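Everything numeric here is computed off the predicted structure, so don't read it as measured data.
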There are 2 protein chains.
Amino acid sequence: MYTLAEENYLKTIFHLEQEYGKEVSTNAIAENMQTKASSVTDMVQKLADKGLLSYRKYKGARLSEEGTVAAIKIVRKHRLWEVFLVEKLNFHWDEVHHIAEQLEHVRSEELTNRLDKFLDFPDYDPHGDPIPDKNGNIKSAEKRLLSELDKGNNGILVGVRETSKEFLQFLDKRSIAIGSKIKVLGREFFDGSMVIQVKKEQFFISKKIAENLYIQI
Amino acid sequence: MYTLAEENYLKTIFHLEQEYGKEVSTNAIAENMQTKASSVTDMVQKLADKGLLSYRKYKGARLSEEGTVAAIKIVRKHRLWEVFLVEKLNFHWDEVHHIAEQLEHVRSEELTNRLDKFLDFPDYDPHGDPIPDKNGNIKSAEKRLLSELDKGNNGILVGVRETSKEFLQFLDKRSIAIGSKIKVLGREFFDGSMVIQVKKEQFFISKKIAENLYIQI
DNA sequence: AAATATTTTTAGTTTAATCTAAAAATTACA
DNA sequence: TGTAATTTTTAGATTAAACTAAAAATATTT
Ligand SMILES: [Mn+2]
Ligand SMILES: [Mn+2]
Ligand SMILES: [Mn+2]
Ligand SMILES: [Mn+2]
């Protein structure tokens, strides 16, 4: 149906739309995909010609219905494979992303749906991201960034925004995991750093860390 | 490491070498890959430059040690994924080949080895083909084509040479499967056709069918 | 051993996806 | 509001992998 490159663009644009809620700029796509702006312009024009997105020069791109459907299918596959890798093959949550980046492009609706069933229809992937169902519906749970919580607030860690090895290993080292109860003991307004409590332990964390943890109150 | 196209050429050349035991011709590769001879020449020259095979103009190609190792890795992945699809996702043996053609290109030695373990280190794939182990060793069981057996001989079906949907469904319809005990009741020397017995049933089969069934005496 | 047929290679194009460098448009700010 | 900085697009080139058509080598027949 779509080429590998096209699928990767669709997925990236989808994520950027979700994150910023507006038309996605050429540079934002380029940065995310580690490519050059000129390459992005080319591809975005091609995808527009194919009706997968609307594009206005200098203004940015926005996925069409068809483009969104295609992107969600890729995201669904990515997250299902991540669950498979962690649940069945005992991979660690910091190792699965780049393998799933390959598996997400395997074309077979039947495969995807059987995998879904084999995994017992999981709602979330190992990083707490929701898995679209076979019709493309995505469960959107209420969640906020830890960085937005005030002193005294507490909640459960339900997801991570970053999925790099470095960040996930940082959390592991401190036994912070999906499901952990986190309480904000202090918050520094100067730099956004925090002191949090997880179980019996207290940690000092920078704003950058707090901005990558999703909490459900 | 290698591109998708390179991997597919390596795999095809490997299979053709196995089948004919000599240098593989340009046309044989082209036919197998549904491409043109001129494309094959280009690629074979490229692979020769990279040291993955030796190639003499007009004479054909033969995989080098490095090329063989690479090809076996792909074959290993292909067959392991086929086992996964049949054993874990309940696919039928006639549906898995073209999905495995995609999965075989996923790059991660760790993934392959964990999948192997998850499947309990299978020796054969759903079509009876041996699965190379992590070091590239392939179990080669004694087996012969049914077409080579004489009247009165019998053995166990241990593999199929063809893996097309049409052929596998032909076998299904007659409840002929890996493990079936097959006895040759008659053999026509004019056209190579046979009458065989499987369980209580007798079938008339053409030479073409008999040439695609591997029997262990 | 010629003539003919087949196989294989070469030469020249095409398409997808990338890049660099330069031009054009937009945005920021003095 | 005009100039400078930034972003984006265009123009032109490159690479991988395919193709067609024609040339060259090899194999098969008379
Ligand atoms: Mn991921
Ligand atoms: Mn994930
Ligand atoms: Mn197969
Ligand atoms: Mn097989």
Q: Can you tell me if the side-chain N/O atoms of Thr41(B) get under 4.0 Å from OP1 or OP2 in dT9(C)?
A: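 Checking dT9(C) against Thr41(B), a side-chain N or O does come within under 4.0 Å of OP1 or OP2.
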Q: Give me each pair satisfying side chain to side chain donor-acceptor pair (under 3.5 Å) with a member in residues 29-38 of chain B, each pair once, sequence neighbours excluded.
A: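 Matches after skipping sequence neighbours: none remain.
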Q: Can you give one letter per nucleotide of nucleotides 11-16 of chain D, 5' to 3': B if a protein heavy atom sits under 4.0 Å from the base, S if only from the sugar-phosphate, - if neither?
A: -----S
Q: Tell me: CG of Leu47(B) to P of dA18(D), nearest whole Å?
A: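 My rounded result for the distance is 11 Å.
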Q: According to salt bridge (Lys or Arg N to Asp or Glu O under 4.0 Å), does anything in residues 15-30 of chain B pair up with another residue at least two apart or in another chain? List the pairs.
A: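 Residue pairs with at least one partner in residues 15-30 of chain B: Glu19(B)-Arg161(B), Glu23(B)-Arg56(B).
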Q: What pairs with His105(A) under ring-ring contact (aromatic ring centres under 6.0 Å, His included), at least two apart in sequence or on another chain?
A: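 His105(A) satisfies ring-ring contact (aromatic ring centres under 6.0 Å, His included) with no other residue.
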Q: Anything under 3.5 Å between a donor and an acceptor, one on a side chain of residues 162-171 of chain B, the other on a protein residue two or more places apart or in another chain? List them.
A:
residue: Glu162(B); atom: OE1; partner: Ser164(B); partner atom: N; Å: 3.3
residue: Glu162(B); atom: OE1; partner: Ser164(B); partner atom: OG; Å: 2.7
residue: Ser164(B); atom: OG; partner: Phe167(B); partner atom: N; Å: 3.3
residue: Gln169(B); atom: NE2; partner: Asp94(B); partner atom: OD2; Å: 2.8

Q: Which parts of residues 53-61 of chain B get close to DNA chain C, meaning a heavy atom less than 4.0 angstrom away?
A: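 Hits under 4.0 Å, by residue number: Tyr55(B), Lys57(B), Tyr58(B).
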Q: I'd like to check the side-chain contact (heavy atoms from CB on, under 4.5 Å) partners of Ala70(A); sequence neighbours left out, ordered by chain and number.
A: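 Tyr2(A), Leu10(A).
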Q: In chain order, what residues pass the side chain to side chain donor-acceptor pair (under 3.5 Å) check against Lys77(A), with sequence neighbours excluded?
A: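 In terms of side chain to side chain donor-acceptor pair (under 3.5 Å), with neighbours along the sequence ignored, Lys77(A) is linked to no residue.
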Q: Of all residues at least two apart in sequence or in a different chain, which pass the side chain to side chain donor-acceptor pair (under 3.5 Å) check with Arg144(B)?
A: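 Listed in chain order: nothing, the list is empty.
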Q: If you take any heavy atom closer than 4.0 Å to DNA chain C, which residues from residues 7-29 of chain B end up in contact?
A: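 When residues 7-29 of chain B is checked for heavy atoms under 4.0 Å from DNA chain C, the hits, listed by number, are Ser25(B), Thr26(B), Asn27(B).
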Q: Sequence neighbours excluded, which residues qualify as side chain to side chain donor-acceptor pair (under 3.5 Å) partners of Lys50(B)?
A: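 Lys50(B): side chain to side chain donor-acceptor pair (under 3.5 Å) contacts with Glu6(B).
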Q: Quick one: side chains of residues 109-129 of chain A, donor-acceptor pairs under 3.5 Å with protein atoms, not counting sequence neighbours, listed by atom name and distance.
A:
residue: Glu110(A); atom: OE2; partner: Arg114(A); partner atom: NE; Å: 2.8
residue: Glu110(A); atom: OE2; partner: Arg114(A); partner atom: NH2; Å: 3.2
residue: Thr112(A); atom: OG1; partner: Ser108(A); partner atom: O; Å: 3.1
residue: Asn113(A); atom: OD1; partner: Arg76(A); partner atom: NH2; Å: 2.7
residue: Asn113(A); atom: ND2; partner: Glu109(A); partner atom: O; Å: 3.3
residue: Arg114(A); atom: NH1; partner: Leu89(B); partner atom: O; Å: 2.9
residue: Arg114(A); atom: NH1; partner: Asn90(B); partner atom: O; Å: 2.7
residue: Asp116(A); atom: OD2; partner: Arg76(A); partner atom: NH1; Å: 3.2
residue: Asp116(A); atom: OD2; partner: Arg76(A); partner atom: NH2; Å: 3.3
residue: Asp123(A); atom: OD1; partner: Lys139(A); partner atom: NZ; Å: 3.3
residue: Asp125(A); atom: OD1; partner: His127(A); partner atom: N; Å: 2.7
residue: Asp125(A); atom: OD1; partner: Gly128(A); partner atom: N; Å: 3.1
residue: Asp125(A); atom: OD1; partner: Asp129(A); partner atom: N; Å: 3.0
residue: His127(A); atom: ND1; partner: Glu82(A); partner atom: OE1; Å: 3.1
residue: His127(A); atom: NE2; partner: Trp93(A); partner atom: O; Å: 2.9

Q: Taking CD from Gln45(B) and P from dA11(C), how many angstroms apart are they, rounded to a whole number?
A: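 In whole Å, dA11(C) P and Gln45(B) CD are 10 Å from each other.
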Q: Are more than 12 heavy atoms from other residues, nucleotides or ligands located less than 6.0 Å from atom NZ of Lys207(A)?
A: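 Counting neighbours around NZ of Lys207(A), 12 or fewer heavy atoms of other residues, nucleotides or ligands fall under 6.0 Å, so no.
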